Every structure is written in structure tokens, then in C-alpha cells.
Trainee: 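Quick one: this structure, given as C-alpha cells, is what I'll be asking you about.
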Amino acid sequence: MRIGELSERTGVPSRLLRYYDEQGLLSPARAGNGFRDYEESAVAQVAEIRQLLDAGLPIRIIKAVRPSADADPALIAEIERYHDVLDARVRCLARNRDALAAYLAAVRARA
């Protein structure tokens with residue numbers, strides 16, 4: 001299938017699909033005219049890439065993880081470390097949010 005059809009079926013803009021190709025996340029065949037030609041399996045691959053990106057993984061980790069995250073314990077450890085970093089950020093943001101809410105409540109009480 002051509003890039004436009006893959007874009008339509010996945011809801012991912014063509015420019016992002018080209019970017020995924022440039023980053024080595026997708027490997028379409030090339031037609032004689034240079035157009036990308038995607039297999040049916042590309043639909044599931046794009047869905048997986050989007051899921052990992054939406055989870056906050058950087059492309060460098062996604063490239064290492066795909067196509068199988070269960071192959072390398074070192075990769076799993078790296079993903080776990082990244083998860084821990086994200087978790088620490090969330091806790092920090094929650095503390096900041098709570099402190100700001102308390103400040104706003106105090107300001108409103110004085111007003």
C-alpha cells in the first residue's frame with residue numbers, strides 16, 4: 001500500500017510516516033519510481049510505534065525495542081529506568097501542583 005493509504009488507515013500523517021522511515025522504525029519497500037510500498041503488517045507496526053511514543057519512550061529506545069521487547073534483558077532494564085524517571089517527574093509535578101493549589105487557596109482566602 002502507498003503512504004497515503006497507510007496514513008488514512010492509521011490516522012498518522014504522511015510526514016510522520018516518512019519520519020518513522022527515516023528513523024528506521026518502518027522499512028517499506030521501494031517501487032521503481034521511488035514511492036514507498038508498505039506491507040499490510042505496517043498498520044500494526046505504526047499502531048505499536050504510536051503506542052510506545054504515546055507512552056513517552058524516545059525514538060532511540062523504540063528503535064532498540066522493536067520488533068520484540070522481550071528479547072533483550074538490557075533493553076527491558078533501560079525501559080524500566082525510563083519508567084522510573086517518568087514516575088519521579090510525575091511525583092515532582094504532583095507536589096508542585098499541590099503546593100500551587102495551597103498557595104492559591106491562601107491567596108483567595110485573603111482576598
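Throughout, residue positions are numbered sequentially from 1 according to the sequence presented. All of these numbers come straight from a predicted model, not from anything done at the bench.
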Trainee: Provide the closest heavy-atom pair for R2 versus Y38 in the form atom of the first, atom of the second, distance.
Mentor: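 Smallest interatomic distance, heavy atoms only, reads C-CD1, 4.2 Å.
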
Trainee: Could you pull out all residues at least two apart from E5 that satisfy side-chain hydrogen bond (donor to acceptor under 3.5 Å, both in side chains)?
Mentor: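 Counting only residues at least two positions away or on another chain, E5 forms no side-chain hydrogen bond (donor to acceptor under 3.5 Å, both in side chains).
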
Trainee: Assess whether side chain to side chain contact (heavy atoms under 4.5 Å, CB included) is satisfied between I61 and L52, documenting all intermediate values.
Mentor: CA-CA 9 Å; I61 294 177; L52 293 170; over 6 Å; no

Trainee: Between side-chain atoms of residues 81-107 and protein atoms elsewhere (two or more places apart, or another chain), which donor-acceptor pairs fall under 3.5 Å?
Mentor:
{"residue": "Y82", "atom": "OH", "partner": "G56", "partner atom": "O", "Å": "2.5"}
{"residue": "D87", "atom": "OD2", "partner": "R91", "partner atom": "NH1", "Å": "2.5"}

Trainee: Distance-only, no hydrogens or angles: does the K63 side chain make a donor-acceptor pair with backbone N or O of Q23 under 3.5 Å?
Mentor: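 Yes: the side chain of K63 pairs with the backbone of Q23.
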
Trainee: How many angstroms lie between atom CD1 of I79 and atom CG of L57, to the nearest 0.5 angstrom?
Mentor: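 One gets 5.5 Å once the value is rounded to the nearest 0.5 Å.
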
Trainee: Output all residues satisfying side-chain hydrogen bond (donor to acceptor under 3.5 Å, both in side chains) with D54, sequence neighbours left out; order by chain, then residue number.
Mentor: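 If we apply the side-chain hydrogen bond (donor to acceptor under 3.5 Å, both in side chains) test to D54, skipping adjacent residues, the hits are R50.
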
Trainee: Distance-only check: which donor-acceptor pairs under 3.5 Å involve side-chain atoms of residues 8-19, not counting sequence neighbours?
Mentor:
{"residue": "R9", "atom": "NH1", "partner": "E40", "partner atom": "OE1", "Å": "3.0"}
{"residue": "R9", "atom": "NH1", "partner": "E40", "partner atom": "OE2", "Å": "3.3"}
{"residue": "R9", "atom": "NH2", "partner": "E40", "partner atom": "OE2", "Å": "2.5"}
{"residue": "T10", "atom": "OG1", "partner": "L6", "partner atom": "O", "Å": "2.7"}
{"residue": "T10", "atom": "OG1", "partner": "V12", "partner atom": "N", "Å": "3.3"}

Trainee: Going by salt bridge (Lys or Arg N to Asp or Glu O under 4.0 Å), name the pairs with one or both residues in residues 19-34, residues two or more places apart or in two chains.
Mentor: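 Found D21-R30, D21-R36.
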
Trainee: Which residue pairs pass the salt bridge (Lys or Arg N to Asp or Glu O under 4.0 Å) test when at least one of the two sits in residues 99-111, sequence neighbours left out?
Mentor: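 Qualifying pairs, neighbours excluded: none.
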
